[in-house]
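Single-structure report; data block below.
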Amino acid sequence: MPEYKLVIEGGRALKGETQVSGGKNTSLAVIPATILAEDPCLLDNLPDISDVRVLEKIFSHLGAKVSWNPEGKQMGIDPSNLTTNTVPFHLSQRMRASYYLMGALLGRYGYARVGYPGGCDLGSRPIDQHLKGFRALGASIKEEQGMIVLEGKLRGANINFDMVTVGGTINVMLAACRAEGDTTLTNCAKEPHIVDTANFLNRIGAHIRGAGTDTIRIRGVNKLRGASYTVIPDQIETGTLMIAAAATRGDVVIRGCIPTHMEALTAKLLEMGILVTSQDDVISVQLRQGHRAIRLSTQEYPGFPTDLQQPMSALLTRAVGTSEVIENIFDSRFKHLDEMRKMGAKSTINGRVAYIEGVPELQGAPVYAPDLRGGAALVIAGLMANGITEIYNPENIARGYEHLESKLNALGGSIRREPLELDNNNAISI
Ligand code: EPZ
């Protein structure tokens, strides 16, 4: 039962400096990867987000010793004495990245029993490519009462993914690290967190080459040791903060990021007439006057990230002209536009294409966060709008952003949490 709603008082330009947290999607891959190590690992720069806390629960269920200091961003993991290789459905369904426990447990022990993953409802999200890779490595796979059971002594193989898949690339890479012999993965995803996960795996003794390209070569080893590792900053949080700065006609300096990861977004913001400059690990975003509509097509990295399509659409609601947004990665990633219409935004959807006609102003309204990045998009819309916006289901946002409200408030935003009023039959009253 959700405990709170977000209340946003809009119309204030964001100004000042902020700091990016450690990457969500890299952390959700590197933490499971520690299971492949036979000694303790120490991870640093992990974000304090609910998906990381779910992984902590999964690790405790497995019998791993976990010491997690959210403030210090450090997590010590000793995976050397797991007591089970089973991840029950009530835990696996709480996030998408629980699927990484398949590759890690299968790679380390030759056996894994994992419930189907959950995650944002973005349309169908099968894992057939993950399973195709595990089978090619020699695992037998069956389904028992909704649990996926994977078993086998793994041998290297040549695997070509039928489509570019971030999760599939990482998951099969995890398993292949401990396979006997060489594995070549082709048609791989190239996201920064794939490179980060490969760097961690090599740090604990794996032999991986080519991460970040479409061909990854892995030489299996029979033992991986513990190590310390610091994960990269969050590419999508960086982009969300850049978009929020522009959307509120603000002037914001974002520190602790990797500008080269942001090139597709930076190019689009410049095309819209927004000033973006960068140096070392700092990006500055400034917008004084209006911004132009664009055509936006989501692609695998290094193309425009699907995870920034939703935050970007908030910015586009007030662009001069009509923007065309094509979502090529997921079947259904426009639910946030229905909510923005309640705020006066104008958009029409035709399958995977949305047309957003810019309007001069948005008006605050009560809205629902449909998923993680849709929720972030509604926060940005609330910051842009005149008046008060209430966001219900804000837990979705806490899954992937560390302290987003306090970061935006420190930049001049006005976002607070309020307990939900329940009417006399215990329903949420709006
Ligand atoms: C990862 O999801 C991210 N999640 C997503 O971020 C991100 O949007 C996505 O990659 C694309 O960048 C995590 O890293 C935990 P895919 P994933 O496999 O692995 C289809 C966020 O907001 N597909 O690259 O699920 C799939 O349905 C989240 O942080 C298959 O058909 O993405 C989708 O249409 C949302 N079969 C497309 O490929 C498969 O076996 C890309 O999916 C695998 C995927």
Side-chain angles (χ1 to χ4, degrees), residues 21-33 47 49-52 54-55 58 92-103 116-136 141 148 159-174 185 187-197 214 231-232 234-240 261 264-265 298-312 326-333 335-336 352 369-377 396-402 404:
S21 300
K24 161 188 177 274
N25 290 338
T26 196
S27 300
L28 299 183
V30 170
I31 295 170
I49 55 176
S50 47
D51 272 13
V52 168
V54 171
L55 266 184
I58 290 176
S92 66
Q93 59 85 29
R94 290 191 51 189
M95 60 192 299
R96 175 86 180 152
S98 54
Y99 49 38
Y100 291 135
L101 277 304
M102 293 178 200
Y116 271 92
C120 292
D121 177 6
L122 306 174
S124 72
R125 300 180 77 180
I127 56 168
D128 57 296
Q129 298 299 303
H130 303 230
L131 303 183
K132 167 185 170 174
F134 296 142
R135 281 196 189 92
I141 298 172
I148 303 166
I159 299 158
N160 182 65
F161 291 107
D162 299 338
M163 90 282 293
V164 174
T165 157
V166 171
T169 299
I170 293 176
N171 220 351
V172 178
M173 185 168 72
L174 292 177
L185 306 180
N187 197 23
C188 297
K190 307 172 197 165
E191 270 68 5
H193 45 286
I194 291 169
V195 178
D196 206 29
T197 306
D214 61 9
V231 301
I232 57 172
D234 194 307
Q235 173 202 18
I236 305 305
E237 184 200 13
T238 303
T240 305
H261 291 169
L265 171 64
T298 64
Q299 305 291 337
E300 297 89 3
Y301 190 84
F304 191 92
T306 174
D307 292 351
L308 289 176
Q309 177 263 103
Q310 294 164 292
M312 188 70 153
I326 303 152
E327 174 52 65
N328 292 304
I329 308 296
F330 289 107
D331 299 339
S332 164
R333 199 164 196 173
K335 293 189 188 76
H336 57 293
R352 286 192 176 212
D371 49 57
L372 164 57
R373 308 301 178 183
N396 277 329
I397 305 166
R399 283 191 46 220
Y401 290 94
E402 181 183 60
L404 183 64

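Everything numeric here is computed off the predicted structure, so don't read it as measured data. Just follow the structure's listing: the first ligand is 1, and inside any ligand the first atom is 1.
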Quiz item: How far is atom 22 (O) of ligand 1 from its nearest protein heavy atom, and which residue and atom is that?
Solution: R373 NE, 2.9 Å
Quiz prompt | Side chain, backbone, both or neither: the part of Q129 lying under 4.0 Å from ligand 1 by heavy atom | solution = both
Quiz prompt | R373 NZ/CZ over Y401 ring centroid, <6.0 Å and within 45° of normal | solution = yes
Quiz item: Side chain, backbone, both or neither: which part of R333 comes within less than 4.0 Å of ligand 1 when only heavy atoms are counted?
Solution: side chain
Quiz item: Does an N or O from T306, backbone or side chain, lie closer than 3.5 Å to an N or O of ligand 1?
Solution: no
Quiz item: When you look for heavy atoms under 4.0 Å from ligand 1, do you find them on the side chain of S124, its backbone, both, or neither?
Solution: backbone
Quiz item: Does some non-hydrogen atom of P126 fall short of 4.0 Å from ligand 1?
Solution: yes
Exercise. State whether the shortest distance between N or O atoms of G167 and N or O atoms of ligand 1 falls below 3.5 angstrom.
Key: yes
Exercise. Out of I329, N171, D51, indicate the one that has the non-hydrogen atom closest to atom 33 (C) of ligand 1.
Key: I329
Exercise. Look at ligand 1 and say whether R399 reaches it with a heavy atom at a distance under 4.0 Å.
Key: no
Self-check item: Element-labelled atoms of ligand 1 that are located less than 4.0 Å from some non-hydrogen atom of I127
Solution: 39 (C), 40 (O)
Exercise. Could you see which bit of V166 sits under 4.0 Å from ligand 1, with heavy atoms only: side chain, backbone, both or neither?
Key: both
Practice problem: Report yes or no: does L122 have a heavy atom closer than 4.0 Å to ligand 1? | Solution: yes
Quiz item: For atom 8 (O) of ligand 1, which protein heavy atom lies nearest, and how many Å away is it?
Solution: D307 OD1, 2.5 Å
Exercise. Check whether any heavy atom of Y301 sits under 4.0 Å from an atom of ligand 1.
Key: no
